[in-house]
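Numbers here are sequence positions counted from 1.
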Amino acid sequence: MASIDYRAELAKAGANIDSRWAKVCFLARRYPLGAAGAVIMAVCVFAAVFANYITVFDPLSTNAALSLARPSAQHWLGCDFMGRDVYSRIVYGARISLAVSLGSLGLGLTCGVIIGLTSGYLGGWIDLAVQRLIDILQSLPLLVMALLMTASLGPSLRNTIIAISIALIPSSARVVRSSTLSLREQPFVESAKAIGMSELRIAFRHVLPNTLAPLIVLATAQLGATILIEAALSFLGLGAHVVGIGGRIRPHRAVAGDFSRPRNQPDRVWNKPPGRCLA
C-alpha cells in the first residue's frame with residue numbers, strides 16, 4: 001500500500017511559505033499565464049500613469065517632413081501620415097483606453113448589480129418585466145449595442161463611457177440575479193427575516209456580498225472587451241475625440257487608400273504597433 005508524504009504535499013501547495021515575495025514567486029510558477037497577464041497589465045498601467053516621463057515627443061505635434069517615417073532611433077515606432085510620433089500616441093492613448101474601460105466597467109457593473117439584485121430578490125412580476133428587458137438588450141451583440149448608443153448620444157468621452165456601460169449591464173445583471181435567486185432561499189436570509197430585519201438591509205447587507213465572487217470574474221473578463229470596444233468606436237470615428245489607441249489605427253487605415261502616398265512605404269508598418277498593443 002502506497003504511503004502519502006504529507007510534508008511534500010503541503011510544500012507543493014505552498015503551505016510552508018512565509019514571506020510575501022516567496023508567495024508571489026510560488027503563484028507565478030504555479031499560474032504562469034496569470035502571472036504573464038499581470039505583468040502585461042502592470043506595464044500598461046505604468047505606461048499610462050508615467051506617460052509624461054517615458055515619452056519625448058508631443059503626441060499631438062505634427063511634422064510634415066516626418067510623414068510616414070520609418071522606425072528609427074529617434075522615433076522607435078515611426079511616424080504617422082501627419083508626422084506624429086506613433087510611440088508617444090500609443091503611450092498617451094493608453095490613458096484614455098484605461099479611463100474609458102474602467103469608467104464604463106464601473107458604471108455598467110453598478111447598474112447591473114442594482115438591477116439584478118432587485119430582480120432576483122423581489123421576484124414576481126418585477127423579475128418578469130426586468131428579464132424581458134434584459135432579453136431585448138442581450139439580443140444585440142456587445143459591439144452593436146455600443147455603436148447604437150454612441151451614435152444616439154454623439155461622440156465624446158463621456159458618451160463613450162455611458163454607451164459602453166449600457167452594453168455591459170445585461171450580463172452583469174444576469175450574473176447577480178442568478179446568484180440572488182439561490183441566496184434568498186438560504187437559512188441565513190430566513191433567520192434575518194425572523195429577527196425583523198428589513199428587506200433592503202437583507203438584500204444589501206447579506207445577499208449582495210455573496211454575489212461578488214462571480215461578479216469579479218465577470219469584471220476581469222469584460223475589462224479587455226471594453227478596451228476593444230473603445231478602440232472599435234474610435235476607429236469608426238464615434239469614440240472620444242482625444243488620443244486613444246483605437247484612434248491611432250484609424251489614420252493609418254485612411255492612408256492605405258491614399259494613392260499619393262509613396263509606393264515604397266507599405267502601410268502595414270504603421271498598423272502593427274497599435275494593433276499589437278490592443279492584442
Side-chain angles (χ1 to χ4, degrees), residues 19-25 27-28 31-63 66-109 155-162 164-165 168 216 219-235 239-252 269-279:
S19 64
R20 293 184 177 180
W21 176 249
K23 291 180 180 180
V24 171
C25 294
L27 292 175
Y31 306 102
L33 293 179
V39 170
I40 294 174
M41 191 63 190
V43 171
C44 292
V45 173
F46 177 84
V49 174
F50 299 100
N52 297 334
Y53 303 98
I54 62 177
T55 59
V56 178
F57 299 97
D58 186 351
L60 300 178
S61 63
T62 61
N63 189 347
L66 296 175
S67 177
L68 297 176
R70 290 181 175 276
S72 61
Q74 190 175 13
H75 300 277
W76 295 350
L77 300 179
C79 299
D80 62 6
F81 75 110
M82 295 182 65
R84 297 171 297 192
D85 184 66
V86 175
Y87 169 72
S88 298
R89 293 178 69 77
I90 290 176
V91 172
Y92 276 91
R95 287 183 172 182
I96 302 302
S97 297
L98 289 177
V100 171
S101 61
L102 293 177
S104 59
L105 189 63
L107 182 60
L109 290 181
S156 68
L157 180 60
R158 183 187 63 181
N159 292 343
T160 301
I161 294 176
I162 295 175
I164 298 177
S165 64
L168 297 177
I216 292 174
T220 55
Q222 287 185 335
L223 182 62
T226 55
I227 295 177
L228 292 177
I229 293 174
E230 185 273 333
L233 294 176
S234 298
F235 179 82
H241 288 171
V242 287
V243 180
I245 293 180
R248 305 292 60 76
I249 302 176
R250 187 168 180 262
H252 304 317
V269 175
W270 328 115
N271 289 334
K272 284 183 179 180
R276 287 174 177 173
C277 290
L278 283 176

key: Euclidean distance, Asp80 CG relative to Arg89 CZ, rounded to 0.5 Å   = 5.5 Å
inquiry  = Once rounded to the nearest 0.5 Å, what's the spacing between atom CZ of Phe57 and atom OH of Tyr92?
reply    = 12.0 Å
Side chain to side chain contact (heavy atoms under 4.5 Å, CB included) partners of Leu102, counting only residues at least two apart = Leu223
task = Hey, could you give me the CG/CD1 distance between Leu105 and Ile161, rounded to the nearest 0.5 Å?
result = 11.5 Å
request  = Give the intermediate values and the outcome of side-chain contact (heavy atoms from CB on, under 4.5 Å) for residues Val100 and Leu157.
outcome  = CA-CA 7 Å; Val100 171; Leu157 180 60; 3.4 Å; yes
message = Which residues pass the side chain to side chain contact (heavy atoms under 4.5 Å, CB included) test with Ala48, not counting sequence neighbours?
response = Ala94, Arg95, Leu98
Spacing of OG belonging to Ser97 relative to CD1 belonging to Ile229, to within rounding of 0.5 Å = 12.5 Å
request  = Indicate whether any N or O donor in one side chain lies under 3.5 Å from an N or O acceptor in the other, for Thr226 and Glu230.
outcome  = no
remark   = So CD1 of Ile164 and CG of Asn159: to nearest 0.5 Å the spacing works out to 11.0 Å
message = Using 0.5 Å steps for rounding, measure from the OG atom of Ser101 to the CG atom of Leu228.
response = 10.5 Å
task = Give the minimum heavy-atom separation between Met82 and Thr62, together with the two atoms involved.
result = O-CB, 3.3 Å
ask   = Hey, does the side chain of Ser67 reach the backbone of Phe81 with a donor-acceptor pair shorter than 3.5 angstrom?
value = yes
remark   = Phe50 meets the side chain to side chain contact (heavy atoms under 4.5 Å, CB included) criterion, sequence neighbours left out, with Phe46, Tyr53
request  = Heavy atoms only: give me the nearest Val91-Ala47 pair and the separation to one decimal.
outcome  = CG1-O, 3.5 Å
ask   = Of all residues at least two apart in sequence or in a different chain, which pass the side chain to side chain contact (heavy atoms under 4.5 Å, CB included) check with Ser61?
value = Asp58
Nearest atoms (heavy-atom pairs only) where Leu107 meets Ser165 = CD2-OG, 3.3 Å
